[in-house]
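Worksheet: one structure, shown below.
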Amino acid sequence: MATMRISIARHGANPLRPASGNGNFTYFRPGVAQPSKWHQHRSLSTSTSTSPSPAGPPIKSPVIFSGIQPTGVPHLGNYLGALREWVKLQDSAEEGTKLLFSIVDLHALTVPQDAKQLRTWRREAFATLLAVGLDPKRSTIFYQSSVPAHTELMWILSTVASMGYLSRMTQWKSKLQLPEDASLEDSEARAQLRLGLFSYPVLQAADILIHRATHVPVGEDQRQHLEFSRYTANSFNHLYGDIFPTPEALISPAKRVMSLKEPNNKMSKSHADPKSRILLTDSANEIKKKVKVALTDSEPKISYDPTNRPGVSNLIEILSHFEGVTCQEIASEYETASLRSLKEHVGSRIADSLAGIRERYLGIMDDKSGYLDSVAREGGEVAQASADLTMRKVKKAMGLA
Ligand code: AMP
Ligand code: TRP
């Protein structure tokens, strides 16, 4: 079996700190698999001096916000595309950086949910955030529905949000399985579309803006939603004064982890085949089995070619995110090895990397002391206080106070 020669890169640099004075924010080692920088950063420091922003008020300290829907146990795509990045940001954040992470349960309601199932998924998602390493002493972790100001601000933002913009966005179309060029004029779209699904991005903008977040770490699929949030912040500021910073998307280097069964589609919680995704709670055996039966092709050699060989390229990408080496390096290391040995290595690497998370997750779910609920309660209180500060400013600016 081929083994990796290349040493594991440390992914520890703080993306909020300029790299050696050039104003850029180098995050991953240059040349590593995916783009080596967080995208779209503007110069930002966590010192008390204020730095200018393209729009919105001056920023004193970074505020990091992100969310995940409780629509199933988080999977490897969620982990590499979001959760692992949240923990890195938390662990490398300077004093004064505010970090908030939310289980966005109100967003989950934009497609029909079974109440009992949703109750379970909320807890499971919360336990997963703790298990991956979010520390309640450092980060505020809370259920979105426990902070009513999120929905209050959503109403206010809906008075400035553009219907035209919302109608062009892709998520409501993909959730309804309509073509990308579907429009509100289509009778099928009108019959199926609910207001909540259509206005989903307005609630997302409210999640971000209610905490006056400056940075939002997400996977690539959220880029459009982040653009909408930026636009909404600017529209509001234009009418009522500089209240909201323009939030920056921090797109994870693992932009899109693909399904193990349909490698042209992203790994998702909703795909019918459970073998298409690796859950953070899967046992080592389950992980290895899923990787073993991942859809690849029958070409004799191993190569990295996402267009023509999406299955094997996805496995190489996943490995590169764990080992911190480029996909090309992995491909040449394995060029003459069998697909089986690559799959064995990928399966073991994922299983080893997720073992601690699974163990902590099981411990938290087993705990009878009420730990999870108390973290959620306290997180909700801190988030409510943060949201109240913004709502006071918003109401004052709008003549509501
Ligand atoms: P969701 O499960 O849709 O609430 O997504 C939570 C976070 O995980 C978001 O930041 C997504 O961009 C990210 N994410 C979800 N699926 C993937 C994937 N397959 N690859 C990379 N990131 C993902
Ligand atoms: N729409 C995001 C997703 O599906 C979840 C989300 C809701 C979110 N509110 C947010 C992400 C605010 C970042 C910031 O993944």
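The residues of the chain are indexed from 1 along the displayed sequence. Both ligands and their constituent atoms are indexed starting at 1 by order of listing. None of these values were measured; they are calculated from a predicted model.
Residue D221 has at least one nitrogen or oxygen atom sitting less than 3.5 Å from a nitrogen or oxygen atom of ligand 1, judged on distance alone. Residue M267 has at least one nitrogen or oxygen atom sitting less than 3.5 Å from a nitrogen or oxygen atom of ligand 1, judged on distance alone. Polar contact with ligand 2: present for Q69 (N/O pair, distance under 3.5 Å). For the pair G219 and ligand 1, the shortest N or O to N or O distance falls below 3.5 Å. Considering backbone and side-chain atoms alike, V257 places an N or O below 3.5 Å from some N or O of ligand 1. Inclusion of G77 in the set of residues having an N or O under 3.5 Å from an N or O of ligand 1 is warranted.
Contacts of L203 with ligand 2, taken as heavy-atom pairs under 4.0 Å, are absent altogether. With a heavy-atom cut-off of 4.0 Å, I68 does not touch ligand 2 at all. At a heavy-atom cutoff of 4.0 Å, ligand 1 is contacted by both the backbone and the side chain of Q69. Under 4.0 Å from ligand 1, the heavy atoms of A254 that appear belong solely to its backbone.
For atom 3 (C) of ligand 2, the nearest non-hydrogen atom of the protein is Q222 NE2, 3.3 Å. Protein heavy atom closest to atom 12 (C) of ligand 2, with residue, atom name and distance, is F65 CE2, 3.4 Å. For atom 2 (O) of ligand 1, the closest non-hydrogen atom of the protein is K269 NZ, 2.5 Å. Given atom 9 (N) of ligand 2, the protein heavy atom at minimum distance is D207 OD2, 2.7 Å. The nearest protein atom to atom 7 (C) of ligand 1, hydrogens excluded, is given as A82 CB, 3.6 Å; this is a heavy-atom distance. Residue, atom and distance of the protein heavy atom nearest to atom 15 (C) of ligand 1 are N78 ND2, 3.2 Å. For atom 16 (N) of ligand 1, the closest heavy atom belonging to the protein is H75 CE1, 3.6 Å.
Side chain to side chain, S303 and R309 meet the donor-acceptor criterion of an N or O pair below 3.5 Å. Inspection of the E329 and T326 side chains reveals an N or O donor paired with an N or O acceptor under 3.5 Å. Residues S369 and D367 have side chains that bring a donor and an acceptor to within less than 3.5 angstrom of each other. Looking only at atom types and distance, the side chain of T170 has a donor-acceptor partner in the side chain of Q224 under 3.5 Å away. A donor-acceptor pair shorter than 3.5 Å can be found between the side chains of Q192 and E188. For the residue pair D207/Q144, the side-chain donor-acceptor check at 3.5 Å is satisfied. Side-chain contact annotation: Q204 with H150, donor-acceptor N/O pair under 3.5 Å absent. Inspection of the Q171 and S174 side chains reveals no N or O donor paired with an N or O acceptor under 3.5 Å.
Closest heavy-atom contact between Q90 and D135: OE1-N, 2.7 Å. Across all their heavy atoms, Q384 and S146 have their closest contact at OE1-O, 4.0 Å.
Close approach of ligand 1 to R256 (heavy-atom distance below 4.0 Å) involves ligand atoms 20 (N), 21 (C). Interface atoms of ligand 1 facing V218, defined by a heavy-atom separation under 4.0 Å, are 10 (O). Residue-ligand proximity, K266 to ligand 1, at heavy-atom distances under 4.0 Å covers atoms 19 (N). Within ligand 2, counting atoms from 1 as listed, the ones closer than 4.0 Å to a heavy atom of Y200 are 1 (N), 2 (C), 3 (C), 4 (O), 5 (C). Short contacts between ligand 1 and Q222, defined as distances under 4.0 Å to a heavy atom of the residue, involve ligand atoms 12 (O). Heavy-atom proximity to G81, at under 4.0 Å, picks out these atoms of ligand 1: 21 (C), 22 (N). Annotation for ligand 2: atoms under 4.0 Å from non-hydrogen atoms of V216 are 13 (C), 14 (C). Below 4.0 Å from some heavy atom of H107 lie the following atoms of ligand 2, by number and element: 7 (C), 9 (N).
Ion pairing between R138 and D91 fails under the 4.0 Å rule for side-chain N and carboxylate O.
Heavy-atom separations between K255 and ligand 1 include at least one value shorter than 4.0 Å. A heavy-atom separation below 4.0 Å is not found between H107 and ligand 1.
With K396 contributing its side chain and M391 its backbone, the two residues share no donor-acceptor pair below 3.5 Å. Checked by atom type and distance alone, the side chain of S313 pairs as donor or acceptor with a backbone atom of D305 at under 3.5 Å.
Classification of the Y231-Y165 ring pair by plane angle, with boundaries at 30° and 60°, yields tilted. A perpendicular orientation is assigned to the rings of H211 and F142, their planes being inclined by more than 60° (bins at 30° and 60°).
In this comparison of H211, Q204, Q144, Q224, the heavy atom closest to atom 8 (C) of ligand 2 sits on Q204.
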- Quick one: do L260 and M267 satisfy side chain to side chain contact (heavy atoms under 4.5 Å, CB included)? Show the steps, please. CA-CA 7 Å; L260 297 182; M267 187 176 284; 4.1 Å; yes

